[in-house]
Student: 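One structure, as structure tokens, below. Some questions next.
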Amino acid sequence: MTPVLPRLSPTTTPRSTLLHDRAPAETGIVHLGLGNFHRAHQAVHTAAALAAEDGPWGILGVASTSTTVADALRQQGLRYAVVEISPDGSRVVVPAVHTGALVAAREPEPVLDALAAPGTRVITLTVTEHGYTLDPRTGGLDLGHPGIRADLDGWSGHAAPKTTVGLIVRGLQRRARTHGAPVTVLSCDNLLHNGRLTGALVAEFAAELPRAERDELAAYLPAVTFPDSMVDRIVPATTDAYRDAVATRLGVCDTVPVPAEPFSMWVIEDSFAAGRPAWDRGGAVFTGDVGPYELLKLRLLNGTHSLLAYLGALDGRATIPEATARPAIREAASRVLHDEYLPTVPVPANIDLGEYVDQLFRRWSNTALGHRTQQVGSDGSVKLAQRVPGPALTHLAAGRMPHHLALTVAAYLCCVAPPAGFDPGPHASAMADPARSRLAPLAARPPREFAVAALGTGLLGNELAGHAGFTARVGALIDVLVRHGVDAATREAAGAPVPAP
Ligand code: CS2
């Protein structure tokens, strides 16, 4: 009979797994987005920072709507394990930095109170690209988004905000009204200039409010900083294998452990209005300009990752390492990275490019991690807008056709809006994407028309949609993918360059 293990808790946590020995009592950070990424990245860096320099930097974690993680954390005295998986073995650590766990949709008032508390000096975000309610056509706030509309319509009646931007604005308004103390809003999502963008979205939302509230916020916003940051750690979804690993290694039951690769990187613009943990002593790098690090990571890692995910899924591969092991897909990944992303990236002086790229391929090949193509491929409509248009337009403006960027878009469309009669397979079919219902009716058209119509929805911004040569190339590659499969499409993309019209 399997023994019933005690639940992970402050009393059952083995001391040797704790990253620091004194759990913080005070909340200095309110974090929106209590998913795996935050718990394996910011929480771990914060624990390491607190081990080096103590301070009032406990994290109150806020989930948006899902109650699973918040409830489990509460049952576990806010403890959970991070299982670091490398091909040579694994290590289990317990960050122990959270001071509370809430769910915004269920308990909005305590969340707003926490955002407004004078002790809260940093508000951090990992709400994914999807959570920023962006309009891909303008790159600004999507004022037609149902959540944003609901937040604005319910504003005067004090309805609880449903969107991240609405929640932040309401929290900042409370701060302005109660004490006016400065605060920093730190985005930790994969968006270009994520801090500046968050500041702009907050300002755009505030501009829609009634006059008096708009003025009140305009007077307070100069006390708020929005630093840019680049975050990097591959964090798969939790499976029973990781729950079992914690049970075996620690002898306790943790229902919400987080798997992660050993690698972790965090580059932050040092612009904090009211102090911060000593994250520099916890593995983060501070710099005046995060831009080059963001571009490097968003394009080389995330952009190539998308190609691996879509081609991999179409080729029947469940995981990124399985996709990377396929010679044709690996070659396409190498081409998109070296020929199409890299020339558009200013490499930061302290990065050894050869080592960085070799390391990327090693990270993607970490079979023990089991990072799924379905996970990386999900939400492509919001992710690709951050990864593809900038580099594609750079090449097109120089008269070069970026064939592998076109292949990325073609493979994406085949996965989430499969043309009539085409079965993209189980991994693609399982990809979640908010644009599925918008794209599906277009997929009945012949490939070239489908590509024009799909990009015409504003998926990758207006400029790329208007580039007939690019949409034609996407259409041609959809045709090859559907009729001849992944290998043929990679050969087609690698063929003699077709001059851009
Ligand atoms: C991935 C990222 O899902 C995705 O789109 O590209 O989550 C990636 O694993 C992380 O950004 C790595 O830091």
Student: For a quick test of reading the model, state the closest non-hydrogen atom pair linking Leu477 to His403 and the distance between them.
Tutor: CD1-O, 3.7 Å
Student: Tell me yes or no: between the side chains of Thr184 and Arg276, is some donor less than 3.5 Å from an acceptor?
Tutor: no
Student: Quick one: OG on Ser64 to CG on Leu32, what's the gap to the nearest 0.5 Å?
Tutor: 9.0 Å
Student: Do the two ring centres, one from His305 and one from His371, sit under 6.0 Å apart?
Tutor: yes
Student: As a test of understanding, state which of Thr238, Val256, Thr126, Val82 forms a side-chain contact (heavy atoms from CB on, under 4.5 Å) with Asn36.
Tutor: Thr238
Student: Quick check: do Leu308 and Ile329 have side-chain heavy atoms less than 4.5 Å from each other?
Tutor: yes
Student: May I ask you to test the Leu407-Val336 pair for a side-chain heavy-atom distance under 4.5 Å?
Tutor: no
Student: Taking the side chain as every heavy atom from C-beta outward, state whether Leu134 and Leu201 have any pair of such atoms under 4.5 Å apart.
Tutor: yes
Student: I'd like to know if the side chain of Thr133 pairs up with that of Asp142 as donor and acceptor (distance under 3.5 Å, no hydrogens or angles considered).
Tutor: no
Student: Do Leu141 and Asp135 come within less than 4.5 Å of each other through their side chains, counting heavy atoms only?
Tutor: no
Student: If we ignore angles and hydrogens, is there a donor and acceptor under 3.5 Å between the side chains of Glu129 and Gln386?
Tutor: no
Student: Is Arg363 close enough and on-axis enough to Phe263, meaning under 6.0 Å and within 45°, for cation-pi?
Tutor: yes
Student: Check whether any side-chain heavy atom of Thr225 sits under 4.5 Å from a side-chain heavy atom of Pro227, and report yes or no.
Tutor: yes
Student: Minimum heavy-atom separation for Leu481 and Ala489, please, with both atom names.
Tutor: CD2-CB, 3.5 Å
Student: Any non-hydrogen side-chain atom of Tyr341 less than 4.5 Å from a side-chain atom of His404?
Tutor: no
Student: What I want to check is whether the side chains of Arg170 and Gln173 have a donor and an acceptor closer together than 3.5 Å.
Tutor: yes
Student: May I ask you to decide if Ile234's main-chain N or O and Glu261's side chain share a donor-acceptor pair within less than 3.5 Å?
Tutor: yes
Student: Checking side-chain contact (heavy atoms from CB on, under 4.5 Å) against Val183, which of Leu115, Leu172, Val30 comes through?
Tutor: Leu172
Student: Salt bridge check: are Arg362 and Glu355 linked by an N-O gap of less than 4.0 Å?
Tutor: yes
Student: Is it the case that the side chains of Lys383 and Asn302 hold a donor-acceptor pair, with the cut-off being a distance below 3.5 Å and no angle test?
Tutor: no
Student: Taking the six-membered ring where the residue is Trp, are the ring centres of Trp266 and His45 under 6.0 Å apart?
Tutor: yes
